[in-house]
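Working notes, structure below.
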Amino acid sequence: MSPNFPEIAIAQLIPATVERAWQVGNLQALEEFESAILSVGVAPVGAGFANG
């Protein structure tokens, strides 16, 4: 469990993403990783900040 994001099973999610990348490619695996993170309600890095 991540101390920063206890609602995310990061120890399982990262190895699964690496394995998935071997199966379907990096882009698809990272999109699935992002979807899994967002599905628990974690905002993307930089969300809510103005650019510039």
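Just so you know, these numbers come straight off a predicted model, no measurement behind them.
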Report yes or no: do Val40 and Phe33 belong to one cluster of Ile/Leu/Val/Met/Phe/Trp/Tyr joined by side chain heavy-atom distances under 4.5 Å?
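Yes: a chain of side-chain contacts under 4.5 Å links Val40 to Phe33.
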
Distance, nearest 0.5 Å, that separates CD1 of Ile8 from OG of Ser39
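Ile8 CD1 to Ser39 OG: 8.5 Å, rounded to 0.5 Å.
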
Atom pair OG1/CG of Thr17 and Asn26 - distance to nearest 0.5 Å:
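Those atoms lie 11.0 Å apart.
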
List for me each residue that meets side chain to side chain contact (heavy atoms under 4.5 Å, CB included) alongside Ala36, sequence neighbours excluded, and say none if there are none.
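In terms of side chain to side chain contact (heavy atoms under 4.5 Å, CB included), with neighbours along the sequence ignored, Ala36 is linked to Leu13.
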
Got a sec, which residues hit side chain to side chain contact (heavy atoms under 4.5 Å, CB included) with Gln23, two or more places apart in sequence or on another chain?
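Gln23 satisfies side chain to side chain contact (heavy atoms under 4.5 Å, CB included) with Glu19, Arg20 once adjacent residues are dropped.
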
